[in-house]
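Positions are given from 1 along the sequence. The figures here come from the full heavy-atom set of this structure, side chains too, leaving out hydrogens, waters and symmetry mates. In this text, all values refer to a predicted model and were calculated from it rather than measured experimentally.
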Amino acid sequence: MTFPLTTRLMQGLPRDTTPLVRRLAVASLVSQIAIVVTGGAVRLTASGLGCPEWPRCTADSIVTTPEMGFHGVIEFGNRLLTFVLVIIAVAMIVSLLRLRRGRKDLFRLSIGLFLGIPAQAVIGGITVWTGLNPWIVGLHFIVSMVLVALATVLVNRARLSAAQHALGRAPAAPPLLRQLLVTSTVLTSIAIVLGVVVTGSGPHAGDHGAARNGLDSDLVTRFHALPVYLLVATVALALVVAWRAGVHAKLRKALVLLGAVVLVQGVIGYTQHFLHLPVALVALHMLGASLLMAAAVHAQYTGTTQRTLPGTTLDSRVPQTVA
């Protein structure tokens with residue numbers, strides 16, 4: 001049984017990757033990064049237990065109360081942003097309903113991003129129930145990085161029409177460069193995970209009474225710096241290889257963007273360490289981690305995928321169908 005209104009609504013949905021679909025994909029990425037930043041604000045203002053209960057803010061109230069003051073507003077504001085993510089994720093899924101068979105890649109990515117929201121909500125609740133256990137807080141951040149990576153792939157895939165997606169082309173990067181791109185993403189991931197461990201040993205616990213992981217902060221910071229050094233060297237080598245190979249401008253731009261983010265993030269990291277972790281720099285470092293993950297995934301995708309825009313491959317004159 002079909003309903004005329006439902007049928008009309010379905011007929012009005014995009015049949016291909018329209019500007020609306022691409023804008024929603026970008027909104028998905030921006031919102032995932034934004035909630036990392038607001039989550040950082042919760043931790044850095046010691047508002048992690050501003051709402052001491054979950055899913056309610058208090059035992060008697062869903063929303064923050066005046067007695068909870070500034071910390072309650074900050075924590076509850078971060079919770080409200082979750083609803084913005086839900087709206088964007090649902091809109092993304094709806095916009096792809098007519099494409100769900102022809103563009104399974106986009107539909108699956110959109111479902112993955114949607115499912116990440118309740119998963120993060122549950123982890124957030126466990127974080128509150130455990131009094132901001134640093135390992136649970138760290139897991140919260142790592143899952144956010146996974147969602148940022150998925151959203152970055154979604155943005156890239158949404159740029160392709162159905163016809164372009166159906167074509168298989170040689171990757172834009174030669175073999176050595178592809179290996180370097182994959183290595184840069186792996187090193188980025190390791191650096192972020194170790195950065196989470198460093199954070200769990202540092203002073204910004206999210207609440208003045210929250211526990212720390214008990215590790216030596218200086219020691220784990222040195223471990224965190226090692227993959228960063230390797231990442232800088234890998235990206236520098238990748239840039240040299242890219243220019244010598246004469247790769248497409250889109251891949252060169254992706255590598256330059258990655259190099260710039262790596263350098264800025266490294267400078268911020270060193271500066272915050274030697275200035276004993278001022279709040280503003282720590283917040284910028286958290287934003288930088290999100291941008292670094294997005295830049296690394298974007299560069300790897302641009303250089304290694306066989307699903308690319310025309311003219312971005314090693315030899316776009318001989319497209320081949322990929323099963």
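- Across every non-hydrogen atom of G202 and R212, the tightest pair is O-CD, 2.7 Å.
- Cluster annotation: M145 is connected to V143 through the hydrophobic network of ILVMFWY side chains, with a link wherever side-chain heavy atoms come within less than 4.5 Å.
- W54 meets the ring-ring contact (aromatic ring centres under 6.0 Å, His included) test with W129; sequence neighbours excluded.
- Residues L154 and S28 form a side-chain contact, since some pair of their non-hydrogen atoms from C-beta on lies under 4.5 Å apart.
- Residues L85 and F114 form no side-chain contact, since every pair of their non-hydrogen atoms from C-beta on lies 4.5 Å or further apart.
- Among all heavy-atom pairs drawn from T58 and R56, the shortest one is O-CB, 3.0 Å.
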- Message: With side chain to side chain donor-acceptor pair (under 3.5 Å) as the criterion, how do Q120 and S144 come out once you've worked through the C-alpha distance, each side chain's angles and the decisive distance to 0.1 Å?
- Response: CA-CA 8 Å; Q120 282 288 69; S144 286; 2.8 Å; yes
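- In this structure the side chain of T17 reaches within 4.5 angstrom of the side chain of R103, judged on heavy atoms.
- In the hydrophobic cluster analysis, where Ile, Leu, Val, Met, Phe, Trp and Tyr join through side-chain heavy atoms closer than 4.5 angstrom, V153 is grouped together with V26.
- Checked options V279, I74, L277; the residue passing with L44 is V279 (criterion: side chain to side chain contact (heavy atoms under 4.5 Å, CB included)).
- The list of salt bridge (charged side-chain N to carboxylate O under 4.0 Å, His left out) pairs with a residue in residues 133-157, not counting sequence neighbours, reads D105-R157.
- Summarising the local packing, CD1 of I62 is surrounded by 12 or fewer heavy atoms from other residues, nucleotides or ligands at distances under 6.0 Å.
- Here CD1 of I35 is found 4.0 Å from OG1 of T82. Values are rounded to the nearest 0.5 Å.
- The side-chain heavy atoms of V262 and L292, taken from C-beta on, include a pair separated by under 4.5 Å.
- The nearest pair of heavy atoms linking C51 to V128 is O-CG1, 3.8 Å.
- In this structure the side chain of V220 never reaches within 4.5 angstrom of the side chain of H224, judged on heavy atoms.
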- Item | Worked check of side chain to side chain contact (heavy atoms under 4.5 Å, CB included) between L291 and L287 | CA-CA 6 Å; L291 296 177; L287 172 61; 4.1 Å; yes
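- Across all non-hydrogen atoms, the minimal contact from L81 to T38 is CD2-OG1, 3.5 Å.
- Of all the heavy atoms in L147 and L113, the pair that sits closest is O-CD2, 3.4 Å.
- In the model, N213 has no side-chain atom that pairs as donor or acceptor with a side-chain atom of S201 under 3.5 Å.
- When the options L99, V94, I93 are evaluated for a side chain to side chain contact (heavy atoms under 4.5 Å, CB included) with L96, the one that passes is L99.
- Counting heavy atoms from C-beta on, the side chains of V261 and L257 come closer than 4.5 Å.
- Between R252 and V247 there is a side-chain heavy-atom pair separated by less than 4.5 Å.
- Here the closest heavy-atom approach between residue H71 and residue S47 is recorded as ND1-OG, 2.8 Å.
- When the side chains of ILVMFWY residues are joined at heavy-atom separations under 4.5 Å, either directly or via intervening members, F141 and V197 end up in two distinct hydrophobic clusters.
- Inter-residue side-chain proximity for L181 and L255 is flagged as met; some heavy-atom pair is nearer than 4.5 Å.
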